[in-house]
S.K.: 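Provided herewith is a single structure, encoded as structure tokens, for subsequent inquiry.
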Protein chains: 2
Amino acid sequence: MANETSETLPVRISRILAERIISGQLEPGARLRQDHVAVEFGASHVPVREAFQRLEAQGLAVSEPRRGVRVAAFDLREVREVAEMRAALEVLALRHAGPHLTRAILDEAEEATRAGDNSPDVRAWEDANRRFHRLIVTPCAMPRLLAAIDDLHAASARFLFSAWRSDWEARTDHDHRAILAALRTGQVEEAAAILARHVQWIGSKPVRTAAGGTRDVFAIQG
Amino acid sequence: MANETSETLPVRISRILAERIISGQLEPGARLRQDHVAVEFGASHVPVREAFQRLEAQGLAVSEPRRGVRVAAFDLREVREVAEMRAALEVLALRHAGPHLTRAILDEAEEATRAGDNSPDVRAWEDANRRFHRLIVTPCAMPRLLAAIDDLHAASARFLFSAWRSDWEARTDHDHRAILAALRTGQVEEAAAILARHVQWIGSKPVRTAAGGTRDVFAIQG
DNA sequence: GATTTCAGAATTATAGATAATTCTTTGACT
DNA sequence: AGTCAAAGAATTATCTATAATTCTGAAATC
């Protein structure tokens, strides 16, 4: 059982399953059967069980006592909840990160914003977006806070991927640029205010469906 | 193996271990050996393992890959971190709970405040204090937010018990009363502002040691 | 005398097996 | 024909056992 990386088996399994849940490959309500997952990864029940518990802690799965574990469902209410928690916590993190932000970090964040604007698909955009947000809050050096924010990002990304399945058009992210501009001039509070609005902004946006019609899709930014 | 309650075994084990960690019975850095715990609860390794993962998710334990799991250490920096996260999240919760607060709930919260003032020991005070905070935020009906707040409360309580081991004097909690007064007159924002200061207030307070001297102990309220 | 190395013990992590519970399907009865 | 009940299959949860890794201690060498 040559573990090429030092990553422990339950962590590996939970990480891969999390990717599938976030990407929408595993749909909400889908059952996660431990034997099936076990044989897929060539492992036994025990590590799979621990992986499930990890997913549950992240809010990506729910486990009913003797009835197995399912991919967590999420409704608009929970999306709003996650967005508001993100707003509250990322603002807190940014306030503490502010004094430790260097020009190099801000340049990297700007590069991430450009990468987001030029993204060919949602996946690439999400990756760049997350990179931006992580860059500007990481210097707060509050591990517990950053871990919580990461989990919330995962939940956000999940919703994002479920909204835009196929059609997607990149557009320039003005909020990111405004945040960077404020940070470059040392206006941390101004940047935090924009960030709060930016993360929390949830509206609806008409999207062309495959059939040619339009439907309303909730749009989350950030 | 008569489970009198419907509580699942790993949950039961993790709950009891959490109590020990929070109360200080299990000191920071203490090793949690899975066999020992297993024999104590008359269980096997597997449920114990899952209980450990739960504790890790709550931030009460840390697990090094092949070297076992220990009770999480905590320094002043983390205490501050937890306090600030609590301030941010409880304020968010209170804003949403505000419109749904009834007179009955506020009366119950006032009763909890009185119970806190008359507490004979820290443990009773913490219990009443947690009851107060939970009462005023629960009506927000945001399960993920409330779960996060609960975990942060556990971390706070842990610090509280480590600070006041034996000597303890109850005092009237003016902040709680001010929060209630604001809520009774519908001033949710005012209550939220007091709550933020209240939770975040970390100062130092001289405490008589067993030897008769005094030492500085960081005091967390809330 | 100090350091390094090797061996034994303890502990963690995984695998295989067993018991208990739930879901499903089939059959009988109303 | 519809509904309820019971038996079988599938799945979860736990236990016992095995393999792998790390820690501890002592002995040997520098």
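Within every chain, numbering begins at 1; the chains are lettered A, B, ... in the order of the sequence lines, protein sequences first and strands thereafter.
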S.K.: Atom CG of B/L32 to atom P of C/dT12: distance rounded to whole Å?
M.R.: 9 Å
S.K.: Taking CD from B/E50 and P from D/dC15, how many angstroms apart are they, rounded to a whole number?
M.R.: 11 Å
S.K.: side-chain contact (heavy atoms from CB on, under 4.5 Å) with A/R134: which residues, sequence neighbours excluded?
M.R.: A/R130, A/T138, A/D150
S.K.: How would you list, by chain and number, every residue that makes a side-chain contact (heavy atoms from CB on, under 4.5 Å) with A/R77, sequence neighbours excluded?
M.R.: A/D75
S.K.: Using the test side-chain contact (heavy atoms from CB on, under 4.5 Å), find all partners of A/A147 that sit at least two apart in sequence or belong to another chain.
M.R.: none
S.K.: To the nearest angstrom, how far is B/R49 atom CZ from D/dC15 atom C1'?
M.R.: 15 Å
S.K.: Applying side-chain hydrogen bond (donor to acceptor under 3.5 Å, both in side chains), can you list everything that pairs with B/R49, at least two apart in sequence or on another chain?
M.R.: A/E50
S.K.: Taking distance alone, no hydrogens or angles, what donor-acceptor pairs closer than 3.5 Å link side-chain atoms of residues 58-69 of chain A to residues at least two apart or in another chain?
M.R.:
none

S.K.: Applying side-chain hydrogen bond (donor to acceptor under 3.5 Å, both in side chains), can you list everything that pairs with A/E81, at least two apart in sequence or on another chain?
M.R.: none
S.K.: Could you pull out all donor-acceptor pairs under 3.5 Å where a side-chain atom in residues 30-45 of chain B meets a protein atom, sequence neighbours excluded?
M.R.:
{"from": "B/E40", "atom 1": "OE1", "to": "B/R20", "atom 2": "NH1", "distance (Å)": "3.4"}
{"from": "B/E40", "atom 1": "OE2", "to": "B/R20", "atom 2": "NH1", "distance (Å)": "3.3"}
{"from": "B/E40", "atom 1": "OE2", "to": "B/R20", "atom 2": "NH2", "distance (Å)": "2.5"}

S.K.: Which residue pairs pass the salt bridge (Lys or Arg N to Asp or Glu O under 4.0 Å) test with at least one member in residues 135-149 of chain B, sequence neighbours excluded?
M.R.: A/E78-B/R144
S.K.: Polar pairs (N or O, both sides) under 3.5 Å between protein and nucleotides 18-24 of chain C?
M.R.:
{"from": "C/dC23", "atom 1": "OP1", "to": "A/R67", "atom 2": "NE", "distance (Å)": "2.5"}
{"from": "C/dC23", "atom 1": "OP1", "to": "A/R67", "atom 2": "NH2", "distance (Å)": "2.2"}

S.K.: Between B/R12 (CZ) and D/dT14 (P), how many Å, whole number?
M.R.: 12 Å
S.K.: Which of residues 56-63 of chain A have a heavy atom under 4.0 Å from DNA chain D?
M.R.: none
S.K.: Does the side chain of B/V82 reach to within under 4.5 Å of the side chain of B/F74, using non-hydrogen atoms?
M.R.: no
S.K.: When you compare the protein's N or O atoms with those of nucleotides 8-10 of chain D, which come within less than 3.5 Å of each other, and at what distance?
M.R.:
none

S.K.: By side-chain hydrogen bond (donor to acceptor under 3.5 Å, both in side chains), which residues pair with A/R95, not counting sequence neighbours?
M.R.: A/E189
S.K.: Tell me: CG of B/D35 to P of D/dT22, nearest whole Å?
M.R.: 17 Å
S.K.: Counting heavy atoms from C-beta on, name the nucleotide in C/dT14, D/dT12, D/dC15 closest to the side chain of A/Q34.
M.R.: D/dT12
S.K.: Within the 3.5 Å criterion, strictly below it, is a donor on B/N129 or B/H176 matched to an acceptor on the partner's side chain?
M.R.: yes
S.K.: Grab the CD-C1' distance between A/E64 and D/dA13 for me, whole Å please.
M.R.: 15 Å
